[in-house]
Amino acid sequence: MDESTPLAEQATTTLVRSMASDDAPVWQVVLEGFAALFGHAGHVAAAELERSRDEVVARPDLADEAAGEWKPKLRRLLAADPGAAARLRALLRDLDADRPQRGGTNRIDGGMTGIAIQAGTIHGGVNRYDGDHVDFSGGTFHDRVVGKEEHHHEGTRSDRPGNAGERP
């Protein structure tokens, strides 16, 4: 694997993710940026990119096919044009900087009873149990998960001196 392959893979991921997005202004920026990489053939690349996007929007299951089409085109472009790698890295940096950063802030003021959970996208089972936890077993998380685990078992034998570790 030459050094252009990881860059082509990263670029393809960004490109196809943008194709599948319903954000037309972002797509326009991505389209123009990627088409410009192809220099004099940019108008041809733009037409092919639009065709690929139309297919992916109409049938999201074709995203992998679009990736299979564009990854070798980008890899060949990088091999043929020594300056293309720098331009592609700059484009990816710009696109990443323009993308809204994920994150959020929650604030709870005053008294509250019950459970408050902040989460991004969770795929899978999330089950609430009466007690001191929420079970995320079987869930799939697509970003960092930060949490705090506390156990409140007052009145158990382990809370009494001389009975370390014993449970009723």
Side-chain angles (χ1 to χ4, degrees), residues 1-109 115-128 133-149:
M1 174 169 67
D2 65 44
E3 62 188 51
S4 67
T5 300
L7 180 57
E9 288 174 358
Q10 179 187 3
T12 301
T13 299
T14 299
L15 178 61
V16 174
R17 181 179 58 225
S18 298
M19 283 179 183
S21 168
D22 60 357
D23 191 337
V26 169
W27 168 246
Q28 193 60 41
V29 171
V30 170
L31 170 67
E32 291 169 4
F34 275 87
L37 293 171
F38 289 87
H40 295 298
H43 65 287
V44 174
E48 291 180 13
L49 286 163
E50 284 286 11
R51 179 193 46 77
S52 292
R53 180 171 194 251
D54 290 344
E55 291 174 353
V56 169
V57 167
R59 291 194 40 206
D61 60 304
L62 294 178
D64 288 341
E65 187 176 304
E69 175 184 357
W70 283 98
K71 182 176 159 186
K73 287 181 182 185
L74 291 170
R75 187 183 42 72
R76 285 191 299 272
L77 172 70
L78 293 171
D81 179 358
R87 293 192 313 272
L88 182 54
R89 282 189 191 93
L91 173 62
L92 293 174
R93 249 189 330 271
D94 291 346
L95 293 174
D96 191 48
D98 289 342
R99 197 172 75 210
Q101 297 301 308
R102 293 173 23 164
T105 302
N106 280 350
R107 180 179 172 153
I108 300 173
D109 291 320
I115 297 173
I117 298 173
Q118 175 184 351
T121 303
I122 301 173
H123 299 281
V126 177
N127 303 303
R128 181 179 182 279
H133 72 281
V134 176
D135 179 12
F136 289 98
S137 62
T140 302
F141 299 85
H142 298 282
D143 207 344
R144 290 187 322 250
V145 176
V146 179
K148 179 178 178 183
E149 181 176 350

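These values consider heavy atoms only, across backbone and side chains, with no hydrogens, waters or symmetry-generated copies. Just so you know, residue 1 is the first one in the sequence shown, and it goes up from there.
Sorted by first and then second residue, the pairs that involve residues 32-48 and meet salt bridge (charged side-chain N to carboxylate O under 4.0 Å, His left out), not counting sequence neighbours, are E48-K73.
Proximity of a side-chain donor or acceptor of S21 to a complementary backbone N or O of R17 within less than 3.5 Å is not detected.
Looking at every heavy atom in both residues, S18 comes nearest to V30 through OG-CG2, 3.4 Å. When every heavy atom of V56 is checked against every heavy atom of A66, the shortest pair comes out as CG2-CB, 3.8 Å. Scanning both residues, A46 and A35, for their nearest heavy atoms gives CB-CB, 3.8 Å. Taking all atoms of both residues into account, the shortest heavy-atom contact from G68 to P72 is O-CD, 3.1 Å. Nearest heavy atoms, K71 versus T12: CA-OG1, 3.2 Å.
The shortest side-chain heavy-atom distance between L49 and M19 falls under the 4.5 Å cut-off. The shortest side-chain heavy-atom distance between E55 and R51 falls under the 4.5 Å cut-off. Here the side chains of F34 and L95 are in contact, with some heavy-atom distance below 4.5 Å. L37 places none of its side-chain heavy atoms less than 4.5 Å from the side chain of D81. Inter-residue side-chain proximity for L77 and F38 is flagged as met; some heavy-atom pair is nearer than 4.5 Å.
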Quiz item: Where do D22 and W27 land on the side-chain contact (heavy atoms from CB on, under 4.5 Å) test, with the steps shown first?
Solution: CA-CA 8 Å; D22 60 357; W27 168 246; over 6 Å; no

Exercise. I would like to know whether L7 and L92 meet side-chain contact (heavy atoms from CB on, under 4.5 Å); could you show each step before the answer?
Key: CA-CA 10 Å; L7 180 57; L92 293 174; 3.8 Å; yes

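Distance OG1/T5 to CG/L74: 11.5 Å, rounded to 0.5 Å.
Not counting sequence neighbours, D54 has no partner by the side-chain hydrogen bond (donor to acceptor under 3.5 Å, both in side chains) test.
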